[in-house]
Amino acid sequence: MDLSNPTPENVVYMIEKIKDKLRMVNVDAMKAENFSTAQYEDLHYMYEMVMKRTTITPNEMQAIVAELGSLRK
């Protein structure tokens with residue numbers, strides 16, 4: 001998938017992959033429609049950071065979720 005373009009489809013893809021990687025229980029808290037392409041670069045950075053990690057500590061997960069929360073519309 002080409003994530004170089006800030007499209008709504010790419011936003012949905014990245015959010016879904018982040019949720020899968022973090023194994024989030026409350027997935028309703030992070031719905032893709034709550035994110036816009038306006039913060040695409042920040043979201044793409046978070047996506048790449050999360051995807052390259054093999055393990056994520058609970059503290060890191062909290063920080064990631066908090067950061068994603070600040071990117072919501």
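Throughout, residue positions are numbered sequentially from 1 according to the sequence presented. Any value given below was found using the heavy atoms of this structure, including those in side chains, with hydrogens, waters and symmetry copies removed.
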- Any chance you could lay out the side chain to side chain contact (heavy atoms under 4.5 Å, CB included) test for Gln39 and Arg72, step after step, and finish with the verdict? CA-CA 9 Å; Gln39 293 91 6; Arg72 291 178 19 176; over 6 Å; no
- Message: Can you confirm whether Tyr40 sits close enough to Leu3 that some side-chain heavy atom of one is under 4.5 Å from a side-chain heavy atom of the other?
- Response: yes
- Item | Distance in Å, Gln62 CD paired with Ile56 CD1, rounded so as to fall on 0.5 Å steps | 13.0 Å
- Message: Are Asn10 and Thr37 packed together at the side-chain level, in the sense that at least one heavy-atom pair is separated by less than 4.5 angstrom?
- Response: no
- Message: Under 4.5 Å between side-chain heavy atoms, counting indirect links through other Ile/Leu/Val/Met/Phe/Trp/Tyr residues: same cluster for Met51 and Phe35 or not?
- Response: yes
- Query: Between Met14 and Met46, is any pair of side-chain heavy atoms under 4.5 Å apart?
  - Reply: no
- Item | Under 3.5 Å donor-acceptor, Glu60 side chain and Thr57 backbone | yes
- Task: Determine whether more than 12 heavy atoms belonging to other residues, nucleotides or ligands lie under 6.0 Å from atom NZ of Lys21.
- Result: yes
- Query: If you measure from CD1 on Ile15 to OH on Tyr47, what distance do you get to the nearest 0.5 Å?
  - Reply: 11.0 Å
- Message: Go through it in stages, so that I can follow the logic: the residues are Met49 and Ile64, the test is side chain to side chain contact (heavy atoms under 4.5 Å, CB included), and I'd like the CA-CA distance, side-chain angles, deciding distance and then a yes or no.
- Response: CA-CA 10 Å; Met49 187 213 37; Ile64 292 166; 3.8 Å; yes
- Query: Do you see a donor-acceptor pair shorter than 3.5 Å between the side chains of Thr7 and Asn5?
  - Reply: no
